[in-house]
Protein chains: 2
Amino acid sequence: MIPADDIDALRAFNRVYTNRLGLLDTKLDNSPFTLSEARVLYELANRTDLTGAELARTLRMDPGQISRTIKRFVARDLVAARDDPAHGRHQLLSLTDQGRSTYAALEQSTCTAMGALLETLPPVRRDSLRHAAETLTRIFTDTAPPQPVLRGLRPGDLGLVASRQAMLYAQEYGWTAEFEALAARILADFHTNFDPACEDGWIAEIDGQMVGSVFLVRGEAGAGKLRLLYVEPAARGQGIGDLLVRTCIERARAAGYTRLDLWTNSVLGAARRIYQRAGFVLLEEVPHHSFGHDLIGESWSLAL
Amino acid sequence: MIPADDIDALRAFNRVYTNRLGLLDTKLDNSPFTLSEARVLYELANRTDLTGAELARTLRMDPGQISRTIKRFVARDLVAARDDPAHGRHQLLSLTDQGRSTYAALEQSTCTAMGALLETLPPVRRDSLRHAAETLTRIFTDTAPPQPVLRGLRPGDLGLVASRQAMLYAQEYGWTAEFEALAARILADFHTNFDPACEDGWIAEIDGQMVGSVFLVRGEAGAGKLRLLYVEPAARGQGIGDLLVRTCIERARAAGYTRLDLWTNSVLGAARRIYQRAGFVLLEEVPHHSFGHDLIGESWSLAL
DNA sequence: AAATAATGTTGACTCAGTCATCATTTTACG
DNA sequence: CGTAAAATGATGACTGAGTCAACATTATTT
């Protein structure tokens, strides 16, 4: 079930955008084209040998309207229609030279108008706007389900991991900043003592956004240690946790560890199940008071 | 000058949104209202005693069109118009009972349609969509320049600060992950030894987004230490750095420190100027090799 | 070979959007 | 105070958008 808040947010945006649509339209500058005409021109300029039906589909416009629009363009000598040699019923549409130069002028003026609009925004909002615009473009464009990808570490990742985990566990379990400090320290140590031969870290991303992580560090007595595994709630149930753990195990094996240890807490049920599935065995349970709660720490291990 | 990339991003979004607009419209469900009519209904339902001119302004529609639309609504007994007792030329518009129930039904069905659309998205994208929609709504709605606000620390802040600084200095100065580890360690220590009486941290926000930070910790011999000051590039030039430093100084004074120290690097010119303006004095310059570069560390101090 | 589907076009109709005009009323200003 | 300027609400005229139905023609499927 979709939360009403989500629906409201989208509807509010829809309203605002529609009310301010003029600000983003070609109508602003007194161009000789309507919005629909400009859209048709854009498609014709950026694709080759379109048919009318194809135009109607991509722009979600009425075929009849396309037909009439094209007729107007042909009359103005902006568009040339020639019969498709392969399909007798199809007509291949393309811009004439005049059509192309007219489109270029239109393009120029919309860019100028858009730039003027962006000029009015403070830089912080300009950045937010761009990011939001790119996000929405992706969401409306990519119909394929987003694939989670694993990647290596980049600058800024460590802090982000600590931050997301701190927020998550504060929200879900009420853990205090003590956990955040622990995570920050683990990550600081990770980098300070970093040995590329036998240590590593992975970030899981969807649409370029971090949705999970895992780290492999050197543990005690020839054992590797898996640390800071987490998956964003919204990204759970897609096997991302399994993927992260599997990757970590393989890397631990390649690094020559004889055993892979990890320490977790009994309340982290989702993580526990992932460890179980991966073959880890629960060795020890030790109650402790940390992060503002009475918890049961668990030591798990996997022979490699 | 606005980067062409920003303009392209916004235009691309504009195109995609327009092409898919139908998906977000009242047209989807076979409602008896056009988009414009639905917008007028919405305004009438959510505000009281609107005049036609007011409607035309908020919806950016032609007064003539409003006039005709209202006439249709009055004929359908959805809207009642009564003369304004104060202004003889004004007409106060409001929904009739039938208008209200019709609007409620419309509202219901658009919410359902919107929910159905959100259902098709994977949860990760749903979250992104919501966030982006809220951002854009704010940007198009708030015309007032965004005010930077200072706030205390919340879960997740520490990691975020470390992450942003690491990314920033990696980008601007090519600093290595060594800096990230240092930042993470400083923040871990901050929390581990946290003494609320004489230590503190502040986050500067614009539109709820972090754009800067500063921390006050206990230093040596009764002195306070200012650490991890930073301001996002896009938010610079608005006095946020000054505000952060001033806040930190005041807090240091209140905590009873006799002196406020800080350590920085000569390349961080913007920060240096902030310290100078705040009255800090450069005490010592020590060359060092850190973060992958030859740097000159600087010790500054301010008598309180 | 016949049924089915897609393509491009046209007619009919309503609403959107723009522009000009107008009567009326309110506000601003010398 | 009186007049000029501005705002309000309405209307006519016109083009294009959007929807629906119909149609001839050509491809595709069975």
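Side chains included, hydrogens not; waters and symmetry mates left out as well; all remaining heavy atoms used. The chains referred to below are lettered A, B, ... by the order of the sequence lines, with proteins before strands, and numbering in each begins at 1. Treat the numbers as computed from the prediction; the structure is a model and nothing was measured.
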What is the distance, to the nearest angstrom, from the CG atom on Leu55(A) to the C1' atom on dT9(C)?
15 Å
Among dT11(D), dT9(C), dT10(C), which is the nearest nucleotide to the side chain of Lys71(A)?
dT10(C)
Any donor-acceptor pair under 3.5 Å linking the side chain of Arg82(A) with the backbone of Gln91(A)?
no
Closest to side chain of Arg72(A), choosing from dA17(D), dA10(D), dG8(C)
dA17(D)
Nearest whole angstrom, please: distance from the P of dG16(D) to the CE of Met61(A).
12 Å
Nucleotide nearest Ser36(A) (side chain, heavy atoms from C-beta), chosen from dG17(C), dT11(D), dA17(D)
dA17(D)
Which one, dG17(C), dT7(C), dA17(D), comes nearest to the side chain of Ala53(A)?
dT7(C)
Is Thr34(A) close enough to dT15(D) that one of its side-chain N or O atoms is under 4.0 Å from OP1 or OP2 there?
no
Expressed in angstrom and rounded to an integer, what is the separation of Gln65(B) atom CD from dT11(D) atom P?
15 Å
Which class fits the ring pair Phe33(B) and Phe73(B): parallel under 30°, tilted 30 to 60°, perpendicular over 60°?
perpendicular
Please check if the side chain of Arg126(B) supplies one atom and the backbone of Leu118(B) the other of a donor-acceptor pair under 3.5 Å.
yes
Can any side-chain N or O of Asn46(B) pair as donor or acceptor with the backbone N or O of Glu43(B) at less than 3.5 Å?
no
Roughly how many Å is it from CZ in Phe33(B) to P in dC15(C), rounded to a whole number?
12 Å
Is the backbone N or O of Pro63(A) less than 3.5 Å from a side-chain atom of Ser67(A), with the two atoms forming a donor-acceptor pair by type?
no
Residue Thr51(A), side-chain atoms from C-beta onward, closest of dG16(D), dG8(C), dT11(D):
dG8(C)
Rounding to 10°, can you tell me the angle the first-five-pair axis of the helix from dA1(C)-dT30(D) to dG30(C)-dC1(D) makes with its last-five-pair axis?
30°
From CD1 of Ile66(A) over to P of dA17(D), roughly how many Å is that when rounded to an integer?
9 Å
Taking only nitrogen or oxygen atoms into account, show me every contact under 3.5 Å that the protein makes with nucleotides 19-22 of chain C, one pair per line with its distance.
none

Looking at CZ of Arg57(A) and CG of Leu50(A), how far apart are the two atoms once the value is rounded to the nearest 0.5 Å?
10.0 Å
Out of dA17(D), dA16(C), dT11(D), which has the shortest distance to the side chain of Glu37(B)?
dA16(C)
Calculate the interatomic distance between Leu59(A) atom CG and dT19(D) atom P; express it in whole Å.
14 Å
I'd like to know if the side chain of Asp62(B) and the backbone of Gly64(B) have a donor-acceptor N/O pair within less than 3.5 Å.
yes
For Pro63(B), which contact category applies under a 4.0 Å heavy-atom criterion: base, sugar-phosphate, or nothing?
nothing
Mind checking Arg39(A) for me? I need base, sugar-phosphate or nothing, with any heavy atom below 4.0 Å counting as a touch.
nothing
Nearest whole angstrom, please: distance from the P of dT8(D) to the CD of Glu54(B).
8 Å
Whole-Å distance, Ile70(B) CD1 to dC15(C) P, equals 14 Å
